[in-house]
Chemist: 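One structure coming up, written as structure tokens, with questions to follow.
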Amino acid sequence: MRQLPFRRFTSFGLVAVMFGSVLGLSTGALAGDYGNDGSPYRVRLLAKAKPDECFAGIGVSYPPGPPCATGQAKVNQAYVWGLARVGRQVWFGTGTNINCLTSGTNLSRIEPYVNGDFVCEYGQSQVVKQNPGLPPSVGDYRPPQVWLYDSGNGQLTEKTAEIRDRSADDAKRLRTTLGLRAGGSHNGIVLFGGPALNQTVNLFAFDSKTKRYLGSTTLSEYGNIRHMVVADNALYLGVGIGRNGSAGGAVLRWTGTVENPFSFVPVAQLPAQAADLTEHDGRIFISTWPAGSATTTATMAGIWMSPKLSDGAPGLNSEDATRWTQVWNATMYEPDRVVAATYAMGGLASYGGYLYWGTLHVPTKATSVHTEVYPPGDEAATKAAVRNTQRASAVFRGRDFGDSRQKVDLLYGLPDLPAFDPTASAGAGAWSLKSTGYKPLYGRSGFDNPFNTYTWAMAVAGGKLYVGTMDWSYLLTSMAGIGGQGSNATVTREMYNPANISAVDRSGFGGDLWVFEGANHPAKPVSTSGLGNYLNYGVRNIVTDGNDLFVGMANPMNLRTDPNDGVPEGGWELISVSPRR
């Protein structure tokens, strides 16, 4: 196996599988890192979230400000969650305190928590106290924002007030949207969508020429939305059905106009919720997240392929809704069936004749699920579950889907992974390494970094494929010593054991941006430290303009707002990345 330069990755052994404590990782960026004169890339911070609230303690009423005469400044706007480009215009919608929302809704952890980096108030939030019908899991949400950045003159304009001022219905939709998770543009409109508190999807539209707000609507039959794509001169939206996509998914084709921006035709009915979308080989391919408990391979995370866009009427239409095919799923790599059910699929892109995609693993999710299915009998079994259920992101490519020539390569991953046999050891169960069926071509999971658990975004620019990750190592260290409650208390304490966390290599903090410079070359790091801010734990979105990238970052460190404390600031960032000519 070819080893990457600049990094070391020994074995996935003991607790190091999760914490990297004995891995000896070297996770710095390339020598001559971005921002230096010798770097092959120019990286510029274009816009950043500003503090928007004051915090004086968990459960305490929010003092006025900022500026904050009492308490400290807090920045709730955490992610560039939806991103679209129209000429020189870069439009984006935000998501707030997503780390808290993910822990609350995906991991059922709702015990309030505060440290020097961030706070999650959950049921003690003033939002919940003022709206007692809200579940504690979403207590840290705030209404999202819409922004427009003009790359021609560098002007940043907030468009949120236009939504609030349009009508009471528009204001309510914005106020009840958990975040603007998807963005897209086509034929004169810019469209943002996000999941709502009542488990529907809210959409907001703008005229891309006049930049005026057009209105909003609610898609009551859907419960989530993640991405949009333009393929063969049509805009498609990937959505989930039910709470967080638990009942399946769909793909919608936009059939609207500037005058009537909310017209759609369902063109896919799927057993799993749609995530990312891309055009490849004359079809649309989508990555999916699991639906419900993912009891079948169809409901598990995987890759789905549409009919040919040229079949029948141009593009995809209602008659194509049942003609999609799953061409790959998590069980084709992951040998442990319970862990496989927790996989999600992330970014995907068409490049060099191949479809590229990566896996996505919510940190600690697999452990939580596995210990619910197979409760550990003692402390040793708990530790075994922790160290054997963690997964870093794997990156694949494939071609010739749907026929006998179909071929899938593992680019970054592992040839063997731990799997649990509940019948072993006289019914106590035991873990052992099982083959994944692949030999990685270029390196180990996570681009040789076990904390890269999301392959979050992919984009092609200037003949190169760029891949953005989420690296949760900083988040892990900031939660050292977290307590635990309920049936998962022992597991939680083991996950965030300070003795394990203390040896994590700090040089690797921050999400990564990698680049494939050709279809037959391993990836090279553009940055492995958050594109200049190590609190940026993920590259959430990428849109391209020729050779250049506009990158939307994820940074939920909502209490890091002091510009004089020697620590970078929290909150979303919009960054440009350009190869030096």
Side-chain angles (χ1 to χ4, degrees), residues 4 6-7 20 25-30 33-35 41 43-49 77-81 83 92 94-95 97-99 102 117-118 276 344 346-347 349 358-363 391-395 412 443 445-459 465-479 504-516 523-543 549-558 560 567-577:
L4 285 176
F6 313 112
R7 288 176 177 260
L25 291 177
S26 175
T27 54
L30 278 166
D33 195 4
Y34 62 90
Y41 290 91
V43 176
R44 292 185 299 150
L45 177 63
L46 305 177
K48 180 163 182 61
Q77 303 291 331
Y79 284 23
V80 173
W81 223 10
L83 184 62
F92 58 100
T94 68
N97 298 323
I98 306 301
N99 175 52
T102 298
D117 295 302
F118 68 93
D276 210 341
T359 64
L360 190 154
H361 310 271
V362 175
R391 301 291 185 263
S393 181
V395 179
Y412 292 89
S445 306
F447 295 102
D448 285 354
N449 176 0
F451 297 106
N452 274 331
T453 56
Y454 287 18
T455 299
W456 225 346
M458 291 188 181
L465 171 62
Y466 294 87
V467 181
T469 77
M470 185 192 81
D471 177 334
W472 73 293
S473 57
Y474 185 87
L475 182 64
L476 177 68
T477 60
S478 73
M479 297 180 70
V504 171
D505 184 353
R506 267 72 173 161
S507 67
F509 289 157
D512 296 5
L513 182 64
W514 291 77
V515 60
F516 289 92
K524 296 180 179 180
V526 176
S527 167
T528 58
S529 51
L531 288 172
N533 180 347
Y534 61 80
L535 299 187
N536 290 335
Y537 71 4
V539 174
R540 181 61 183 86
N541 279 298
I542 305 173
V543 295
L549 311 179
F550 292 98
V551 182
M553 305 300 289
N555 181 338
M557 308 305 168
N558 55 29
R560 286 296 182 186
V567 178
E569 278 67 69
W572 59 257
E573 294 185 354
L574 180 68
I575 293 174
S576 69
V577 179

Chemist: For Asn536 and Ile575, what are the C-alpha separation, side-chain angles and deciding distance, and is it a side chain to side chain contact (heavy atoms under 4.5 Å, CB included)?
Modeler: CA-CA 11 Å; Asn536 290 335; Ile575 293 174; 4.2 Å; yes
Chemist: Using a 3.5 Å distance criterion without hydrogens, assess whether the side chain of Asn541 forms a donor-acceptor pair with backbone atoms of Trp81.
Modeler: yes
Chemist: Partners of Thr359 by side chain to side chain contact (heavy atoms under 4.5 Å, CB included), sequence neighbours excluded?
Modeler: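 Thr359 satisfies side chain to side chain contact (heavy atoms under 4.5 Å, CB included) with Tyr343, Met345, His361, Ser393, Ala394, Phe396 once adjacent residues are dropped.
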Chemist: Give me the atom names and distance for the closest heavy-atom approach of Trp572 to Leu574.
Modeler: CE3-N, 4.0 Å
Chemist: Would you compute the distance between atom CG of Asn533 and atom CE of Met553 and round it to the nearest 0.5 angstrom?
Modeler: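 Atom-to-atom, Asn533:CG and Met553:CE are 8.0 Å apart.
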Chemist: Provide the closest heavy-atom pair for Ala392 versus Pro450 in the form atom of the first, atom of the second, distance.
Modeler: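 Shortest heavy-atom contact: CB-O, 3.6 Å.
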Chemist: Please check: side-chain N/O of Thr469 versus main-chain N/O of Asp512, any donor-acceptor pairing under 3.5 Å?
Modeler: yes
Chemist: With sequence neighbours left out, write down each residue that passes ring pair (Phe, Tyr, Trp, His ring centres under 6.0 Å) with Phe516, or none if nothing qualifies.
Modeler: Tyr356
Chemist: Kindly write out the residues that satisfy side chain to side chain contact (heavy atoms under 4.5 Å, CB included) with Val543, not counting sequence neighbours, or none if the list is empty.
Modeler: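 For Val543 the side chain to side chain contact (heavy atoms under 4.5 Å, CB included) partners, ignoring immediate neighbours, are Leu83, Arg85, Phe550.
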Chemist: For Glu569 versus Asn555, what's the shortest heavy-atom pair and its separation?
Modeler: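 Taking Glu569 first and Asn555 second, the nearest heavy atoms are O-ND2, 3.2 Å.
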Chemist: So Val577 and Leu513, side chain to side chain contact (heavy atoms under 4.5 Å, CB included) or not? Walk me through it.
Modeler: CA-CA 10 Å; Val577 179; Leu513 182 64; 4.2 Å; yes
Chemist: Shortest non-hydrogen contact from Ala457 to Val539?
Modeler: CB-O, 3.9 Å
Chemist: Give the minimum heavy-atom separation between Gly346 and Asp276, together with the two atoms involved.
Modeler: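 Heavy-atom minimum between the residues: O-CB, 3.5 Å.
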Chemist: Evaluate Phe447 against Val395 for side chain to side chain contact (heavy atoms under 4.5 Å, CB included), listing each step before the verdict.
Modeler: CA-CA 9 Å; Phe447 295 102; Val395 179; 4.1 Å; yes
Chemist: Tell me, please, which residues at least two apart from Tyr454 pass ring pair (Phe, Tyr, Trp, His ring centres under 6.0 Å).
Modeler: Trp456
Chemist: Would you check if Val567 and Leu535 make a side-chain contact, meaning some heavy-atom pair closer than 4.5 Å?
Modeler: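 Result yes, sub-4.5 Å side-chain heavy-atom pair found.
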Chemist: Please identify each residue that fulfils ring pair (Phe, Tyr, Trp, His ring centres under 6.0 Å) with Tyr474, with sequence neighbours left out.
Modeler: Phe509, Tyr534
Chemist: For the pair Thr102 (side chain) and Asn99 (backbone), establish whether a donor and an acceptor sit closer than 3.5 Å, ignoring hydrogens and angles.
Modeler: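 Checking the backbone N and O of Asn99 against the side chain of Thr102, no donor-acceptor pair under 3.5 Å is found.
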Chemist: Are Met470 and Leu360 close enough, and set up right, to give a side chain to side chain contact (heavy atoms under 4.5 Å, CB included), and what steps lead you there?
Modeler: CA-CA 9 Å; Met470 185 192 81; Leu360 190 154; over 6 Å; no
Chemist: Between Tyr466 and Val551, is any pair of side-chain heavy atoms under 4.5 Å apart?
Modeler: no
Chemist: Not counting sequence neighbours, which residues clear side chain to side chain contact (heavy atoms under 4.5 Å, CB included) with Asn558? List them please.
Modeler: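 Side chain to side chain contact (heavy atoms under 4.5 Å, CB included) list for Asn558, sorted by chain: Lys74, Asn97, Phe118, Val119.
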Chemist: For Thr453 and Arg391, which heavy atoms make the closest approach, and how far apart are they?
Modeler: CG2-O, 3.6 Å
Chemist: Supply the atom-to-atom distance Tyr79 OH to Phe92 CZ, rounded to the nearest 0.5 angstrom.
Modeler: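 Between Tyr79 OH and Phe92 CZ, I get 16.0 Å after rounding to 0.5 Å.
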Chemist: Is there side-chain contact between Val80 and Arg540, with at least one heavy-atom pair below 4.5 Å?
Modeler: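 Side chain of Val80 against side chain of Arg540, heavy atoms only: no contact under 4.5 Å found.
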Chemist: To the nearest 0.5 angstrom, please state how far the OG atom of Ser478 sits from the CH2 atom of Trp472.
Modeler: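 Going from OG on Ser478 over to CH2 on Trp472, the span is 10.0 Å.
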Chemist: Does the plane of the ring in Tyr412 sit parallel, tilted or perpendicular to the ring in Trp514? Use 30° and 60° as the thresholds.
Modeler: tilted
